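Residue numbers begin at 1 in each chain, while the letters A, B, ... track the order of the sequences. Everything numeric here is computed off the predicted structure, so don't read it as measured data.
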Protein chains: 2
Amino acid sequence: MTETGGERPLRADARRNREQILAAARDAFVELGPAAPLEEIARRAGTGIATLYRRFPDRAALIRSVVLDAFERTVAVIDEALTEEKDPFGALVHYMHGVLDVRIAAVIPSLLGEIPFDDEELEALSRAAVSPIEKLIAEAHEAGTLRADVTFGDVGMMIVRLSRPLPGSFPRELNDQLAHRHLDLLVHGLRGDSASKPDLHGPAITMADLREMRPELPE
Amino acid sequence: MTETGGERPLRADARRNREQILAAARDAFVELGPAAPLEEIARRAGTGIATLYRRFPDRAALIRSVVLDAFERTVAVIDEALTEEKDPFGALVHYMHGVLDVRIAAVIPSLLGEIPFDDEELEALSRAAVSPIEKLIAEAHEAGTLRADVTFGDVGMMIVRLSRPLPGSFPRELNDQLAHRHLDLLVHGLRGDSASKPDLHGPAITMADLREMRPELPE
DNA sequence: CGTATATGGAGGATCTCTCTCCGTATATCG
DNA sequence: CGATATACGGAGAGAGATCCTCCATATACG
């Protein structure tokens, strides 16, 4: 994946390190933002800083690879959503949950702001991720299962809001669960009066829980 | 407001500068996080860096004042919500919209992680902001107007999610409007089938709009 | 108008991050 | 099992950002 085929194949250890750097970069960008120190990324990847620079000449190259990878995963999620759900609304919700698991969605907008976007591969993948969702939204509108006034922007921005880690250094797993829980809430609304509301995913956090978690280090 | 009464009163210009620094700090913390450069805050306030240091000996003192001020505003919002809305669910929603306007909610958790919390004034205000909301949630649960499985944590965390500025440097005003729009969405849910859904606040952003805004600087 | 109070910004100290160099280690192939 | 191309890690110089103090000047207020 994310292979821009041309070059000589990497040695096995080099390829492994490259993947680990990419994964570490994904996490670091989500948690620390697009300016995350490259040294921190190398540290998380368990490699030296030189190895990172050897593989990615500069921050832009690293960002580009991360974004490309994220788009690829997103496209895969879309395919899955379209395959597994027949009705458009269900597929849209399935997609949103799936994208939360890609995690990086939160920072794609900022990452894109950091690199030149006149890039064919990037644009192609971006289109491949956007247009099926626009189609899905239109179909759900037509079927009347999605609020008529909900736009593509709303969907995208809510995904961003939900996939950003909450400030205050919760454990990562909790953060992920809460994202799904809160997506459920968004889908079904807060009201208790309307009929069939399926159970929420994820843990219910009370004020007492929050207090207990207080002795936490800064974000 | 936020007067810890003891000291000699400030000269008029000093008081004005103090308020401006506090306001600038609030904005900077929201946009840049709790590690926002103090020089940047002074710049936004239109004062010299020395003036900031004269009024707030260190970052912790500044953060403390910002948090205190935010809690005070939050308490005021709660009072308003309780006064103007008779039913608990309505009051809760009113409160959530009001808190979005306080803006700083997004970073209170991180800010609190940066300063010692064994502070009577802080704790008192915190309690004054928390317990009415817990009560409201309980009442709305009883009335059946709020989903039974929605907790205090859900409400607080959704406020945080909604009040954080979206990445990618949208104009501030747009960000604020979108926060309210997306809160509406949360309250009513995405589905289009159930009956009475009031109009959403704020602008509907399409993919085309987003593309148009692309030539944006990094966050 | 005198004086206590307040101001701004230059600049040294410190910290953080970037990026390269080079001696050492490991994969791969015959 | 070598031989060799490939890859590795980490030190450390350099650049830049941020902190924080000092002091000559300005302003509010009695």
Any-strand Watson-Crick or G-U partner of C/dC1, both distances under 3.5 Å
D/dG30

So, OP1 or OP2 of [N]: does either fall under 4.0 Å of a side-chain N or O from [X]?
X: A/Asn17; N: D/dA7; answer: no
X: B/Arg8; N: C/dT5; answer: yes
X: A/Thr51; N: D/dG9; answer: yes

From [atom1] of [X] over to [atom2] of [N], roughly how many Å is that when rounded to an integer?
X: A/Gln20; N: D/dA7; atom1: CD; atom2: P; value: 16 Å
X: B/Phe56; N: C/dT7; atom1: CZ; atom2: P; value: 11 Å
X: A/Arg16; N: C/dT28; atom1: CZ; atom2: P; value: 9 Å
X: B/Ile63; N: D/dC19; atom1: CD1; atom2: P; value: 11 Å
X: A/Leu62; N: C/dC19; atom1: CG; atom2: C1'; value: 14 Å
X: B/Glu39; N: C/dA10; atom1: CD; atom2: P; value: 11 Å
X: A/Arg18; N: D/dT6; atom1: CZ; atom2: C1'; value: 17 Å
X: B/Arg43; N: C/dG8; atom1: CZ; atom2: P; value: 14 Å

A/Glu39 bridged to A/Arg43 by N-O distance under 4.0 Å
no

Sidechain N-carboxylate O distance under 4.0 Å for A/Arg64, A/Asp119
yes

Please compare A/Asp13 and B/Ala12 by the position of their nearest nucleotide in DNA chain D and report the one closer to 5'.
A/Asp13

By nearest nucleotide on DNA chain D, pick out whichever of B/Tyr53 and B/Arg11 is the more 5' one.
B/Tyr53

Are there over 12 heavy-atom neighbours, none belonging to B/His201, within less than 6.0 Å of that residue's NE2?
no

Any donor and acceptor pair, going by atom type alone, linking the side chain of B/Asp27 with main-chain N or O of B/Ala24 inside 3.5 Å?
no

Looking at every strand, decide which applies to [X] at a 4.0 Å heavy-atom threshold: base, sugar-phosphate, or nothing.
X: B/Leu10; result: sugar-phosphate
X: B/Arg55; result: sugar-phosphate
X: A/Arg54; result: base

By nearest-heavy-atom nucleotide on DNA chain C, the more 5' of A/Asp58 and B/Ile49 is B/Ile49

Side-chain-base donor-acceptor pair under 3.5 Å for A/Arg59 and C/dT18
no

Could you check A/Met96 against A/Leu186 for side-chain contact (heavy atoms from CB on, under 4.5 Å), going step by step and ending with a plain yes or no?
CA-CA 11 Å; A/Met96 292 177 81; A/Leu186 171 70; 4.3 Å; yes

[X] side chain, from C-beta outward: closest of [options]:
X: B/Leu38; options: D/dA7, D/dC19, C/dG8; answer: D/dC19
X: B/Ala50; options: C/dA6, C/dG8, C/dT18; answer: C/dG8
X: A/Ala14; options: D/dA5, D/dG10, D/dC8; answer: D/dC8

Of all heavy-atom pairs between A/Arg161 and B/Arg164, which one has the smallest distance, and what is that distance?
NH1-O, 3.3 Å

